[in-house]
Structure formats: C-alpha cells, structure tokens
Amino acid sequence: MNEPRIRFENIAKRYGALTVLDNPDIPCNGKVMNEPIVRFENVTKRYGALTVLNELNLSIARNEKVCIIGPSGSGKTTVLRMLMTLERINGGVIWVDGEPLTHVQKRGQMVLASDRHLRRVRGKIGMVFQHFNLFPHMTALQNCMEAPVSVLGLPKKDAEARAAELLEMVGLSGKKNHFPIQLSGGQKQRVAIARALAMRPKVMLFDEVTSALDPELIGEVLSVIRKLGAEHDLTMLMVTHQMGFAKEFSDRVCFFYDGKIIEQGPPDQLLGNPQNERTRQFLSAVLEANS
Amino acid sequence: MSIWDWSYVWEALPYLYRGAIVTVQATLLGFAIALVLGLVFALIRQSPNRYVSIAVTEIVEFIRSTPLLLQVFFVYFVGPQFGIVIPAWTAGIGVLGIHYAAYCSEVYRAGILAVEEGQWEACTALNLSRQRTWRAIILPQAIPPIVPGLGNYFVGMFKETPILAAIAILEMLQQAKNFGAEHYRYTEAIIMAGFFFLVFSLVASAIVQSVSLWLNRRYHLQ
C-alpha cells in the first residue's frame, strides 16, 4: 500500500496571467497537503476563575469553510479572538500553517514567541468584526490601503489599485472616497471585508458579521462572503447566527456549548438531524425566534 | 486728580508692551512644552510595563498636587544650593511647561481612553506596528475631541504667567506694577493689563475653537 492517497498529475492553476501552480507532478504523500491550516490543541482560556474554553481541539483544513454556532457565552467568539491574538491563551497550542502561533519551539520546549514571530504568523489571518471597526478618519479606500502600505510595504500606487479592485469586488467602487460615517452598516461591513482581504490572508475570520446589521442589509454582506468562498482559495471560519447561510455555505458546522464542541459535522446532518439533545434545543430555540 | 488719566495710558504703553511680549512668549513656549511633554506622559502611562506606567502616574500626581509657585521657587532658589543654577527665564518657562504637562497628560489620557477598543483590535488584526497604530489610528481619533480641553489649560496657563514675577521675570503684570510704583499711579496700568489679559484670552479661545472645528472636520469625526 505505497500508493499515495492523493496524487496530482499535470495540475496547473492560473489567475489571469499569473501562474500559481504549473507542476506536472507535485510529490504528495498526503501528509503536507492534508496538514490542517489551523489546529487548536488542548487550548484553554480562562477569565479569572471562569473557564471559557476547556481543552479545545479543533482542526481546520485548507480552504475549509467552517461555521461555529452556539448560545451566547459558549466561547465561540473567543475561538476567533484567540486565533487573531486578541486574547491570550492559558494553555495548549494553536498551530497556524504548521507553526505554533504564540509560541516557538526551543530545545524541545514551547516558549512564548517574540513580537516578530507573532506578527509574521498573524499575517496569515484576517478578521472581520461584528462592529466593523473601520477607521473613521479614513475613506473606504484609505481603510483598505493603510495596512498594505505600512505593514507589507507596498508602494502607494499598487496598494491603491489593489484596494480599488477589492472595493469593486464587494460592490463599492462608487463609494471608495466615502468616509465610514457616510456609509450604511452593510456597506461598512463590506469595506471591512475588503480591508481584511487587502492583506492577502490565508484564513479569514468572521465574527458575527451580520449581527449589528438591519435585517435588510444582511443579504448584501452574506452574498459577498458567498462570492468570496466560491472564487477564492480561502479558509473561512465564521461565528454566525444565520443558520440558513451556515447550511448552504459551510463544509462543517461546529456547535459550541459551555466552552466545548458538543457536536460537529456537515451542515445537513448537524442542522437537519442533530444527535445531541443540547444541539436540538438550541436549534429549535433559534428556529422559533426566526419564525 | 481724575479717576482716569489718558496721559498715563500713553506713558504706560511701552512698559505694558514689553511685558506683554514676555507674557505671550512665556505662554507659547510653556504651552509647547506642556503639549509635547503631556503627550509623552500620557503615552508612557499606557505602557505595558506596569512599573514604568505607575512611576509616571505618581510623578504626574505629585506635580498636580503641589503649587506652581512652590515648584518655581524650588527650581530657582533650592537648585543653586546644590549647584544647579538655572536662569530665571529657563526655570520659569520650564516649570510652567512641566506643571501644565501634568494637567494636559490627563486630558490626552481621556482622549486616548475614549477611542473604542475595536480600533485597537482592528490594528492588531491588520498587523499594524505599535508605533503606526498610535500615529495613524489612535492619536488622530484621540486628539481632535480633546482640543477644547487642552485649550482651557492654554488660557489657564496664560493667566498664571504673573507667577513668573516671583523669580524676577518682568512679565506684563509686573511691568504694570512697576509703572505704578514709579509714577504713584496704578489705575491705568493695572486696568490696561487686565484688559489685555481679557482680550488675549478671548482671542485664544476663538483660535482653540476653530482649531478644534478644523481638526474634527479634517478627520471626519463627529
């Protein structure tokens, strides 16, 4: 049984003029390619005496779209915030693209990583927040240019071209010189998505991105995310209350309860035929609220 | 002898003019120190190093809790006993600046704390450096709203410059007093000095207000 589980033959991938993959036969024994891009290993998070997450284990494959659902206080947002290094973890290791996020291995031991390491690994992750967090003193375009220029060192012209392209992708090319205060909630959130994408992350985190929006504006944001998932090679991790969207969009849904993943699986199964009693209770409560 | 004599007004003018220059200079230089040093105090207080931030907090508290006059005396009269001789002008403006820096740092701090937590988080998520976060994101949002607060201290400091007379700096009120002493006539000079303080304060307030308006508009803040 030396036959590899996955074999690529004459695979080529081009984006316009750019050839990303042009390799007749990538040596692949199923190990490298199958390595998850994000892996939580026994991750624990406490606030004082309160344990929010208890020895969490969660792996996310490359390009996988994962939705996290669960009642408030179940620790689902904390998962994203830890991955974005907005929260310190109290135990365990988070692996991103094969490297520990907040630690480095030194002489077989895990020690806290330097700021430089943290920034390098963090660069692979982008995040969109519930309350947008756009920079109010910058236009939509400037919001999308700030980090590419000051962090990646992109020339202003290139950053502007990229920002304009991304704003067009989220359907806001006409609003690029508007300030956040001149935009609707849905438009702000779409700028925020463009801003995160401008850093070319491998993993995108969406933290209840539609929860602060008026109902009629939710659709425009979700359709941008849908488009993003369909057209780009991106790993997406999303905390959401939009069950319908989770069902159609995600590859996997995780149900969090009390700091643990109680149940996870393909959306049809988890949302259609949940096995756990708590999952059933939660879903019926959500359905009732939405009906 | 009439209550108001215009001839004294003309005679007092050169005295007051010299004094006014000193007063305005002391205010502008002192406030420049206060603005910069106040920001430095405020930034250090946000330092993640607890010892550093506590040390600066204590220093600020100490400066605010002792009289300005005492601080001026200390630097000018006690310093030389330990071999630290500082000219009156330097000592006066320096102490004025440091004293008001302590007050301004509190205003800066209020502005910095008023910036939403989400702005910091967005900066982390976008991987901005700490320096860039402060310069491009936090301070442009923190400062415009506090310009009126800083402006209050600007006017306040201007009105406290007569304290410099205590270390023989001939600012405007001291000039007015000297004129009075020389001519046995205080009415005109003192009233003129008061009038000048009033006019300068009003002009300064107007300038502060338009700077505040301009900054808020420039940075599209509400």
Side-chain angles (χ1 to χ4, degrees), chain A residues 77 80-81 83-87 115-116 118-140 142-153 177-183 188 191-201 203-207 212, chain B residues 39 42-44 46-53 107-150 209-222:
Chain A
T77 288
L80 300 195
R81 292 176 58 83
L83 188 51
M84 195 68 259
T85 68
L86 298 173
E87 305 278 356
D115 211 36
R116 225 173 102 209
L118 204 63
R119 290 190 68 196
R120 187 171 55 76
V121 181
R122 187 161 59 200
K124 299 174 181 176
I125 306 167
M127 185 162 179
V128 183
F129 299 89
Q130 181 177 357
H131 296 289
F132 332 125
N133 298 351
L134 289 180
F135 305 134
H137 56 300
M138 295 180 177
T139 61
Q142 287 166 337
N143 261 284
C144 299
M145 287 170 61
E146 170 58 36
V149 172
S150 72
V151 179
L152 304 180
N177 293 321
H178 285 53
F179 285 85
I181 201 172
Q182 299 164 314
L183 301 173
K188 279 186 216 173
V191 173
I193 292 172
R195 179 176 73 171
L197 286 174
M199 293 298 280
R200 302 251 162 108
V203 183
M204 277 284 275
L205 311 178
F206 296 88
D207 183 16
Chain B
L39 181 59
L43 291 180
I44 297 177
Q46 302 297 315
S47 155
N49 186 329
R50 256 192 42 219
Y51 297 105
V52 173
S53 95
V107 181
Y108 279 120
R109 213 166 79 91
I112 290 166
L113 293 180
V115 176
E116 279 174 40
E117 191 56 35
Q119 294 291 311
W120 290 95
E121 294 183 350
C123 291
T124 305
L126 290 169
N127 232 345
L128 298 189
S129 67
R130 210 175 155 69
Q131 197 194 353
R132 186 71 193 164
T133 299
W134 276 110
R135 211 163 60 80
I137 309 300
I138 304 301
L139 291 181
Q141 293 180 63
I143 291 179
I146 56 161
V147 168
L150 293 173
Q209 223 164 41
S210 44
V211 167
S212 161
L213 221 72
W214 173 75
L215 273 178
N216 278 300
R217 214 174 288 149
R218 157 88 174 69
Y219 288 109
H220 285 257
L221 304 169
Q222 275 169 309

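Each chain gets a letter, A, B and so on, in the order the sequences are listed, and its residues count up from 1.
Looking at A/R81, only its side chain comes within 4.5 Å of chain B, counting heavy atoms on both sides. For a residue to count as touching a neighbouring chain, one of its non-hydrogen atoms must lie under 4.5 Å from one of that chain's; by this rule A/I125 touches chain B with the backbone only. Both the backbone and the side chain of A/M84 come within less than 4.5 Å of a heavy atom of chain B. Neither the backbone nor the side chain of A/L205 comes within contact range of chain B; no heavy atoms are under 4.5 Å apart. Looking at A/F179, the atoms closer than 4.5 Å to chain B (heavy atoms on both sides) all sit in the side chain, from C-beta outward.
Here the closest non-hydrogen pair linking A/F135 and B/A122 is CE2-CB, 4.0 Å. Residues A/M127 and B/A125 approach most closely at CB-CB, 4.2 Å, considering heavy atoms. Considering all non-hydrogen atoms of both residues, B/L126 and A/V151 come closest at O-CG2, 3.7 Å. In terms of heavy-atom proximity, B/L128 sits nearest to A/S150 at CD2-OG, 3.4 Å. The two residues B/N127 and A/R122 make their nearest non-hydrogen contact at OD1-NE, 3.2 Å. When every heavy atom of A/M138 is checked against every heavy atom of B/A136, the shortest pair comes out as CE-O, 3.8 Å.
Here the CD1-NE2 distance, from B/I137 to A/H137, works out to 4.5 Å after rounding to the nearest 0.5 Å. Separation of atoms NE2 (A/H131) and CD (B/E121) is listed at 10.5 Å; rounding is to 0.5 Å.
Heavy-atom proximity under 4.5 angstrom to chain A picks out B/P140, B/Q141 from residues 140-148 of chain B.
For B/R130, the salt bridge (charged side-chain N to carboxylate O under 4.0 Å, His left out) criterion is met by no residue, not counting sequence neighbours.
Counted within 6.0 Å of CZ on A/R200, heavy atoms from surrounding residues, nucleotides or ligands total 12 or fewer; the atom is thus considered open. In the displayed structure, B/Q46 atom CD is contacted under 6.0 Å by more than 12 heavy atoms of other residues, nucleotides or ligands. More than 12 non-hydrogen atoms from other residues, nucleotides or ligands lie less than 6.0 angstrom from CD of A/Q182.
Ranked by heavy-atom pairs shorter than 4.5 Å toward chain B, the options A/P136, A/P180, A/P148 are led by A/P136.
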